[in-house]
Amino acid sequence: MNRNLTGCCLLAAMLAGCHEQAAQARDATGASNTMSCAIDGAPAFIASGKDVSVASLGSTAATVNLGLGMHAASIGRTHAISTGLVELPIAQGSYEFPKPGTAGGSGASYRIKNDANETLEDYTGGAYGQFYALAEQDPQARLVLDITRFQKLPPTVPKTQRLSIAGSFRFNAAYVAYVKGNLPDACATEALTRTMSNIGKPVSYPRYNPDICGAKRHRIECKFDVTENLMLL
C-alpha cells in the first residue's frame with residue numbers, strides 16, 4: 001500500500017546533464033541543514049548536515065519538486081523519516097498532499113531499520129489512509145507542510161537554483177505486518193465480507209479494520225531548516 005513518488009528528467013537528451021548537475025548540487029550541500037522530529041508528541045530525533053536529506057527532481061523559477069527527510073540512530077535502530085516528493089510553489093504558505101479534492105495517498109513515511117539495514121517497521125501515509133481514514137479525503141490522512149521561509153539565494157553551482165527553506169511538516173502513518181507479502185487472512189477476509197455486505201450502500205471506512213489487521217500508527221511532526229542547490233529545469 002505504499003505509494004512512492006518517482007520521476008525522471010523530462011527530456012532524454014538532458015539525462016547526462018541532469019545527473020552531473022544533481023551530483024554537483026549534492027556536493028555543495030551545507031552542514032547547516034537541520035531537522036527535529038517528534039513521534040506521537042514526544043521529542044525523539046534531531047539530525048543535521050548529511051543526516052538531513054533534500055531530494056529533488058529539479059526546480060523552475062516558480063516551483064520546486066522537493067522531498068525532505070532525515071535519519072537518526074538510536075539503540076541499535078535507524079529511524080528514517082521522509083515527506084516523499086511533492087511539488088511546491090516557491091512561496092510561503094501551508095500545503096496539503098494529496099491536495100484536497102484529488103485522489104491518491106500521502107507519500108510520507110517513517111521507517112525503522114536494524115543494524116543490517118533491514119526494514120523492521122514501515123509506517124506510511126498511504127497505509128494510514130487504508131487503516132484509519134474515516135472518510136474519503138480524510139484530512140488526517142494528508143501530509144501537511146507549513147513553509148515559513150522560501151528564499152532564493154545566489155547559486156553556488158552552475159545551472160542550479162539555491163533555495164533556503166524553513167518550516168514544519170506533519171503526517172499520520174500506519175504499519176501492518178504482512179504475511180509472505182499479503183495482509184493477514186483475517187484482515188483481508190473481514191474487509192472483503194464488509195465490502196460485499198455494503199454493495200449499493202455508502203463505502204464503509206476505514207477500508208480495513210485496524211484491530212483485526214494488527215495495524216499500528218504514529219503521528220510524526222518535524223521542523224526543518226535547509227539550504228540547497230537544486231537543479232534548474
Side-chain angles (χ1 to χ4, degrees), residues 1-8 37-42 44-45 55 57 65 67-71 77-87 94-114 116-145 169-222:
M1 276 174 281
N2 292 342
R3 295 179 174 87
N4 295 320
L5 300 176
T6 59
C8 61
C37 295
I39 308 298
D40 300 327
F45 308 114
L57 294 179
N65 188 290
L68 299 167
M70 59 90 78
H71 66 270
R77 299 287 184 265
T78 298
H79 300 261
I81 294 169
S82 173
T83 62
L85 287 170
V86 297
E87 186 174 29
S94 183
Y95 307 98
E96 298 181 8
F97 301 93
K99 296 178 182 179
T102 62
S106 162
S109 65
Y110 166 42
R111 295 185 172 96
I112 304 173
K113 298 183 178 183
N114 62 17
N117 203 35
E118 298 169 329
T119 299
L120 303 177
E121 297 182 3
D122 187 359
Y123 295 86
T124 67
Y128 181 91
Q130 293 290 328
F131 293 99
Y132 291 101
L134 300 179
E136 189 75 24
Q137 298 293 323
D138 186 343
Q140 293 300 313
R142 296 181 189 140
L143 164 71
V144 180
L145 287 101
F169 62 85
R170 59 190 182 274
F171 62 94
N172 291 306
Y175 160 76
V176 167
Y178 281 69
V179 180
K180 295 182 179 180
N182 298 310
L183 289 170
D185 288 343
C187 171
T189 299
E190 188 278 336
L192 178 60
T193 300
R194 184 152 46 95
T195 298
M196 296 301 293
S197 64
N198 282 326
I199 292 178
K201 302 176 184 178
V203 176
S204 176
Y205 289 94
R207 298 281 188 165
Y208 294 90
N209 187 312
D211 295 326
I212 294 175
C213 297
K216 298 189 290 184
R217 60 180 167 176
H218 285 303
R219 173 76 167 178
I220 295 89
E221 299 173 285
C222 301

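These numbers were taken from a predicted model, which means no experiment stands behind them.
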Looking only at non-hydrogen atoms, find the nearest pair between [X] and [Y] and report the distance.
{"X": "Q137", "Y": "T102", "result": "NE2-O, 2.5 Å"}
{"X": "P98", "Y": "G104", "result": "CG-O, 3.5 Å"}
{"X": "A127", "Y": "A174", "result": "CB-O, 3.3 Å"}
{"X": "S204", "Y": "N198", "result": "CB-ND2, 3.4 Å"}

Measure the shortest side-chain to side-chain distance between [X] and [Y] over non-hydrogen atoms and say whether it is less than 4.5 angstrom.
{"X": "Y132", "Y": "D138", "answer": "no"}
{"X": "S106", "Y": "N172", "answer": "no"}
{"X": "C222", "Y": "I81", "answer": "yes"}
{"X": "L183", "Y": "Y208", "answer": "yes"}
{"X": "V203", "Y": "E136", "answer": "no"}

Using residues 211-221 as the side-chain source, report each donor-acceptor pair under 3.5 Å to any protein atom, sequence neighbours left out, with the distance given to one decimal.
residue: K216; atom: NZ; partner: E121; partner atom: OE2; Å: 2.8
residue: H218; atom: ND1; partner: D40; partner atom: OD2; Å: 2.7

Next item on the list: Might you work through the side-chain contact (heavy atoms from CB on, under 4.5 Å) test for V176 and F131, ending with a clear yes or no?
Entry: CA-CA 9 Å; V176 167; F131 293 99; 3.5 Å; yes
Notebook entry, point to check: Any salt bridge (charged side-chain N to carboxylate O under 4.0 Å, His left out) pairs touching residues 95-105, not counting sequence neighbours?
Noted result: E96-R142
Note to self: Show every salt bridge (charged side-chain N to carboxylate O under 4.0 Å, His left out) that has at least one partner inside residues 185-205, sequence neighbours left out.
What the structure shows: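 Found E190-R194.
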Which residues pass the side-chain hydrogen bond (donor to acceptor under 3.5 Å, both in side chains) test with [X], not counting sequence neighbours?
{"X": "N209", "value": "none"}
{"X": "Y175", "value": "none"}
{"X": "E87", "value": "none"}

Next item on the list: For Q140 and A133, indicate whether the former's side chain and the latter's backbone hold a donor-acceptor pair under 3.5 Å.
Entry: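 No; judged by distance alone, with no hydrogens or angles, the pair does not exist.
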With [X] via side-chain contact (heavy atoms from CB on, under 4.5 Å) - residues at least two apart:
{"X": "T195", "answer": "none"}
{"X": "T189", "answer": "T193"}
{"X": "A116", "answer": "N114, E118"}

For [X], give me all partners under ring pair (Phe, Tyr, Trp, His ring centres under 6.0 Å), at least two apart in sequence or on another chain.
{"X": "F171", "answer": "none"}
{"X": "F45", "answer": "H79"}
{"X": "F169", "answer": "none"}

